[in-house]
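Every chain is numbered from 1, with letters handed out A, B, ... down the list of sequences. This is a predicted model, so every value here is computed, not measured.
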Number of protein chains: 2
Amino acid sequence: MSNSAKILLVEDDDNLGFVIQDLLKVEGYKVHLRKDGKEGLMQFNQEDYDLCILDVMMPKKDGFSLARDIRKINAHIPLIFLTAKSMTEDRVEGLRIGADDYITKPFDSEEFLLRVKAILKRSQKEEESTDSSAVYEVGAYQFDSDNFTLKYQSEERQLTKKESEILKLLCQHTDKVLEREIIANMVWGDDSYFVGRSMDVFITKLRKYLGSDPRISIVNIHGVGFKLQVED
Amino acid sequence: MSNSAKILLVEDDDNLGFVIQDLLKVEGYKVHLRKDGKEGLMQFNQEDYDLCILDVMMPKKDGFSLARDIRKINAHIPLIFLTAKSMTEDRVEGLRIGADDYITKPFDSEEFLLRVKAILKRSQKEEESTDSSAVYEVGAYQFDSDNFTLKYQSEERQLTKKESEILKLLCQHTDKVLEREIIANMVWGDDSYFVGRSMDVFITKLRKYLGSDPRISIVNIHGVGFKLQVED
DNA sequence: TCATGCTGTTAATCTAATGTTAACCCGATT
DNA sequence: AATCGGGTTAACATTAGATTAACAGCATGA
């Protein structure tokens, strides 16, 4: 995953600082927390970061001042400002320096994380150049669920919509049991005898399609459901 | 130069729409204003834009819905949403779609322009790599979508506008599935039985036009859409 | 071990989607 | 008004995909 991004967080309030740090760490980011602008700048010089999140109001050196210094060193690193109020002057000043985003406290953590994610994604254009289509690696196969294609070496098979939907579910649950009932409701929107039988037909097809790699198996758990397994 | 950026503005309120349009025009941007999501989508299909500014609340098709359709055609174009309130759910939804910014009405015009400028500046680097020429290479054909011409060796065929629009969409999605619904909404502005049938007629025509190069195929994905493929 | 309900598999069947051609419609042009 | 270009609608043919059927193994618990 591209989640190993390194983030420098500069926030003087200990409580808020730790909360934000945790939020980000849970998402898999590497986070370094510093408590004022001066320390923040020193830390920034120590390592290469992908993103800086700066509190505006801080002792020693405020967020804008820090941001200007950071910009002198790195003109392109994404910056997010945190501010207590939504003062327009603050916002404009931040944008002038080149903020990529601007978040007012208190903030919604889900929104905050989405913004961080969006900004990191934007700055990682080379890595994301694959157009973010959902491609699953299944053994030696690549399954593109958006384009309904299943590739094995040089061969590419066009799957149907339903085949794709089912395979996608299986991929998302690799090594976990997927209950028949779940598949039925997700794909057909209801669960009945014939839906079940139809599902079995699809499972047979998918097994056939995936047959070239013997490490792959769609295992039946009697009376419960199926499990996609890939041995290594 | 940077200021010739083309902006698509979709805003149903006439007054606000004109105000924003003027603001942007004064800055030297080329701005096209449309009044609802449906018209916005069709206009988006007509030209290449550098930025879209979308009102969230609109008749016919709201800003989010429009944004999702736009994203399917162009995964990277910057999007700015305008919203009356700062509803958190709205913000989160917007970010999920991939908003680059989010502006609540009423807004400060200076801030607004700075944001627009910042976003355009950011996306400019990527543009350099993007070929701005409207000529697509399709196998042994050259398709000039601006001039509606399709060349094969020495022969040049004049396409109609609709033929061009559809072929352009297909070209932009080479090797990817293009949903019928998207084509219908992009080209016709609505999706109905007869639009679908008309589309099939066009597909037949395009297949005929492209028939000289056997490596080219417009593949149908049953119940989903079409995919332009060029084997190598 | 038997009985019974599940599952695997293949093939027949049904239906909606698509392919194709031609007739039709309608606005623009002569 | 006649023609033309372009698109839509109609009509019919064809096909693809999903469902249903049929039958053959299996698994599991009594």
Side-chain angles (χ1 to χ4, degrees), chain A residues 145 147-150 157-170 177-211 216-229, chain B residues 42 45-46 145 147-150 156-170 177-211 216-229:
Chain A
S145 68
N147 295 306
F148 311 150
T149 56
L150 185 62
R157 181 195 296 272
Q158 251 318 317
L159 301 184
T160 69
K161 192 177 175 183
K162 273 221 163 70
E163 288 166 354
S164 286
E165 287 181 44
I166 296 167
L167 183 52
K168 185 178 174 186
L169 275 182
L170 287 167
V177 177
L178 233 193
E179 292 170 39
R180 297 180 70 94
E181 192 200 359
I182 300 288
I183 302 176
N185 284 317
M186 293 285 255
V187 177
W188 279 267
D190 94 312
D191 188 8
S192 67
Y193 173 75
F194 286 119
V195 161
R197 293 323 333 266
S198 202
M199 179 160 86
D200 289 325
V201 173
F202 278 100
I203 293 291
T204 295
K205 280 190 199 154
L206 289 176
R207 282 181 175 138
K208 200 174 289 172
Y209 300 164
L210 293 168
I216 303 173
S217 54
I218 299 177
V219 184
N220 172 255
I221 289 88
H222 199 88
V224 183
F226 297 94
K227 185 169 75 169
L228 175 63
Q229 268 183 341
Chain B
M42 291 182 75
N45 194 37
Q46 295 303 309
S145 68
N147 298 308
F148 308 159
T149 56
L150 185 62
E156 178 172 302
R157 180 195 297 272
Q158 198 44 250
L159 300 185
T160 69
K161 187 173 181 197
K162 274 222 161 65
E163 287 166 353
S164 283
E165 286 184 43
I166 296 167
L167 184 52
K168 184 178 173 188
L169 279 179
L170 286 167
V177 175
L178 186 58
E179 293 168 40
R180 296 180 71 94
E181 193 200 356
I182 296 290
I183 302 177
N185 284 320
M186 284 281 186
V187 178
W188 280 268
D190 94 311
D191 188 8
S192 67
Y193 174 75
F194 286 118
V195 161
R197 292 326 328 268
S198 201
M199 179 161 92
D200 289 325
V201 173
F202 279 99
I203 293 289
T204 295
K205 281 189 199 155
L206 289 176
R207 282 181 176 138
K208 202 172 290 171
Y209 300 164
L210 293 167
I216 303 173
S217 54
I218 299 177
V219 184
N220 171 255
I221 288 88
H222 200 91
V224 183
F226 297 94
K227 186 170 75 167
L228 176 64
Q229 266 183 342

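With hydrogens and angles ignored, no donor-acceptor pair under 3.5 angstrom links the side chain of R197(B) to the base of dG7(D).
Side-chain contact between F148(B) and L167(B): absent, with no pair of heavy atoms (C-beta onward) separated by less than 4.5 Å. For the pair E165(B)/N45(B), a side-chain contact is recorded, criterion being any heavy-atom separation below 4.5 Å from C-beta on.
If K161(B) and N220(B) are placed on DNA chain D by their nearest nucleotide, the residue sitting closer to the 5' end is K161(B). Between M199(B) and V201(A), the residue whose closest nucleotide on DNA chain D is further toward the 5' end is M199(B).
dG27(C) atom P lies 14 Å from atom NZ of K162(B), rounded to whole Å. Atom CZ in F202(B) sits about 16 Å away from atom P in dT20(C), given to the nearest Å. Residue Y193(B) contributes atom OH, which lies 10 Å from atom C1' of dA16(C) at whole-angstrom precision. With rounding to whole Å, Q158(A) atom CD is found 18 Å from dA17(C) atom P. Separating the CD atom of E179(A) from the P atom of dC6(C) is a distance of 15 Å, rounded to the nearest angstrom.
Taking side-chain N and O atoms only, K208(B) has no distance below 4.0 Å to OP1 or OP2 of dT20(C). Of the side-chain N and O atoms in T160(A), none sit less than 4.0 angstrom from OP1 or OP2 of dA16(D). Side-chain N/O atoms of R207(A) include one lying less than 4.0 angstrom from OP1 or OP2 on dG8(C). In this model, the phosphate group of dC6(C) is not approached by any side-chain N or O of R180(A) to a distance below 4.0 Å at OP1 or OP2.
Rounding to the nearest 0.5 Å gives a distance of 5.0 Å between CD1 of I218(B) and CG of L206(B).
Closest to the side chain of F226(A), out of dG8(C), dG19(C), dA27(D), is dG8(C). When distances are taken from the side chain of D200(A) to each of dT8(D), dT7(C), dG19(C), the shortest belongs to dT7(C). Distances from the side chain of F194(A) to the nucleotides dA21(D), dA17(C), dT19(D) place dA21(D) closest. Checking dT8(D), dT19(D), dA21(D) against the side-chain heavy atoms of W188(B) singles out dT8(D) as nearest.
Looking at heavy-atom distances under 4.0 Å, T204(A) makes contact with a base.
Within a 6.0 Å radius of NZ in K161(A), no more than 12 heavy atoms belonging to other residues, nucleotides or ligands are found.
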